[in-house]
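What follows is a set of notes on a single structure, which appears directly below.
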Amino acid sequence: MPLAILLAFTIVCFWLPIDIICSRFFYLSAFDGWAGDYWFSEDLCYSVSPLPGVVLGIGAIIVLVIGRWSPELAARKPVARFLLCVVLAGPLLLVNAMIKPAISRPRPHQLAVFGGERPENVRYVAPWQLSAIDGKSFPSGHASMGFLWMAPAFLYWRRKRWPVALWMTLGILYGTAIGFFRIAVGAHFLSDIVWSCGIVYFSGLAMYLLLGGWRTGAFETQQPNKVNEITAASEAAAQGLQPEAQAA
């Protein structure tokens, strides 16, 4: 269903000026610029947009590194490994390192219809169309970081509905809020935001499949007391084998 929605929306963008209509709503004039330029909340949203990536990425790295000496954190390594892979594969690798430079879509404020002057006579480019203009509008990097709050939902996929719904809702709302203000300053089109959400979603789904998330207990955190019991049992078994080994 998510893929069908993305494809249908993209096809509509080729036939109807949805992106232009949405951006025109926030465009004041060639002299006044964009409505978002006068909003303090846009600056605030721009600053907090990397928060999900920082929290999930750095948190995962801490768990993976310190987990070598801490049994409590070692039990959470599968979760940390999954979250770190989603952060790296989605916003960092696919969005910012690969797709944005390859597509090079012009931004709304570069278009002639919105008073863009450099370069001259820049026209609208539909999603996934290659462009010679150095715009890097498609997809939105800041919005993709906001949509990262969807990633923890895959840890409960097909097991618990409420955590899945909670994290999905949080990610969509957070990313959409960032995308709204990015559109309001003429930095991105509506389709840039929609595809950022789609790329992060499918990045999480891909990591879920590659890391075996469908297996029972794949991302479940083992209780520390269980880890200690297993360790103690192993040591006791090893000690019990020592007299037998000596007798042999």
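Connection of Ile21 to Leu190 is not established within any shared hydrophobic cluster, with ILVMFWY side chains joined at heavy-atom distances below 4.5 Å, either directly or through further cluster members. Under the 4.5 Å side-chain heavy-atom criterion for Ile, Leu, Val, Met, Phe, Trp and Tyr, Trp162 and Leu170 are members of distinct hydrophobic clusters. Leu16 and Val125 fall into different hydrophobic clusters, where Ile, Leu, Val, Met, Phe, Trp and Tyr residues are linked whenever their side-chain heavy atoms come under 4.5 Å apart, directly or through other members. Linking ILVMFWY residues whenever their side-chain heavy atoms come closer than 4.5 Å, directly or via other members, leaves Leu173 and Val164 in distinct clusters. A continuous path of ILVMFWY side-chain contacts below 4.5 Å connects Met150 to Phe9, so both sit in one hydrophobic cluster.
The heavy-atom pair separating Val122 from Pro106 by the smallest distance is CG1-CB, 3.7 Å. When all heavy atoms of Ala75 and Pro78 are compared, the pair lying nearest together is O-CD, 3.9 Å. For the pair Gly53 and Leu148, the tightest heavy-atom approach, listed with the atom from each and the gap, is CA-CD1, 3.6 Å. The two atoms that bring Cys13 and Asp19 nearest to each other are SG-OD2, 4.2 Å, heavy atoms only. Heavy atoms only, all atoms of each residue included: Leu130 and Ala102 are closest at CD2-O, 3.5 Å. When all heavy atoms of Arg107 and Ala187 are compared, the closest pair comes out as NH1-O, 2.8 Å.
Under the ring pair (Phe, Tyr, Trp, His ring centres under 6.0 Å) criterion, the residue pairs touching residues 85-117 are Tyr27-Phe114, Trp34-Phe114, with sequence neighbours excluded.
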Show which side-chain atoms of residues 192-202 pair as donor or acceptor with protein atoms under 3.5 Å away, not counting sequence neighbours.
| residue | atom | partner | partner atom | Å |
| --- | --- | --- | --- | --- |
| Asp192 | OD1 | Arg105 | NH1 | 2.7 |
| Asp192 | OD2 | Ser137 | OG | 2.5 |
| Asp192 | OD2 | His188 | ND1 | 3.4 |
| Asp192 | OD2 | Phe189 | N | 2.8 |
| Trp195 | NE1 | Thr10 | OG1 | 2.8 |
| Ser196 | OG | Ser140 | N | 2.8 |
| Ser196 | OG | Ser140 | O | 2.8 |
| Ser196 | OG | Asp192 | O | 2.9 |

With a 3.5 Å cut-off and sequence neighbours excluded, list the donor-acceptor pairs that the side chains of residues 79-97 form with protein atoms.
| residue | atom | partner | partner atom | Å |
| --- | --- | --- | --- | --- |
| Asn96 | ND2 | Pro91 | O | 2.6 |

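Note that CD1 of Ile172 and CH2 of Trp167 are 14.0 Å apart. Values are rounded to the nearest 0.5 Å. Atom CD1 of Ile183 and atom OG1 of Thr176 lie 9.0 Å apart (nearest 0.5 Å). In this structure, CH2 on Trp157 lies 11.0 Å from CG on Leu155, to the nearest 0.5 angstrom.
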query = Could you go step by step and tell me if Asp32 and Tyr38 meet the side chain to side chain contact (heavy atoms under 4.5 Å, CB included) rule?
reply = CA-CA 10 Å; Asp32 296 323; Tyr38 302 94; 4.0 Å; yes
query = So Phe180 and Phe26, side chain to side chain contact (heavy atoms under 4.5 Å, CB included) or not? Walk me through it.
reply = CA-CA 10 Å; Phe180 171 83; Phe26 299 98; 3.4 Å; yes
task = For the pair Arg161 and Tyr156, evaluate side chain to side chain contact (heavy atoms under 4.5 Å, CB included) and give the outcome as yes or no after the intermediate values.
result = CA-CA 7 Å; Arg161 294 183 177 180; Tyr156 305 94; over 6 Å; no
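Residues passing the side-chain hydrogen bond (donor to acceptor under 3.5 Å, both in side chains) test with Lys136, sequence neighbours excluded: Asp134. Among residues two or more places apart in sequence or in another chain, the side chain to side chain contact (heavy atoms under 4.5 Å, CB included) test is passed with Ile5 by Met1. Ser70 is linked by a side-chain hydrogen bond (donor to acceptor under 3.5 Å, both in side chains) to Glu72, counting only residues two or more places apart in sequence or in another chain.
Side-chain contact between Ile18 and Ser191 is absent, with no heavy-atom pair separated by less than 4.5 Å. Within the 4.5 Å cutoff, the side chain of Ser131 has no heavy atoms near those of the Ile103 side chain. Counting only heavy atoms from C-beta outward, the side chains of Ile20 and Leu111 approach each other to under 4.5 Å.
Tyr124 OH: more than 12 foreign heavy atoms inside a 6.0 Å radius. With a 6.0 Å radius and a threshold of 12 heavy atoms from other residues, nucleotides or ligands, Trp69 has its CH2 atom above the threshold.
Ring geometry for Tyr174 versus Trp149: interplanar angle over 60°, hence perpendicular rather than tilted (30 to 60°).
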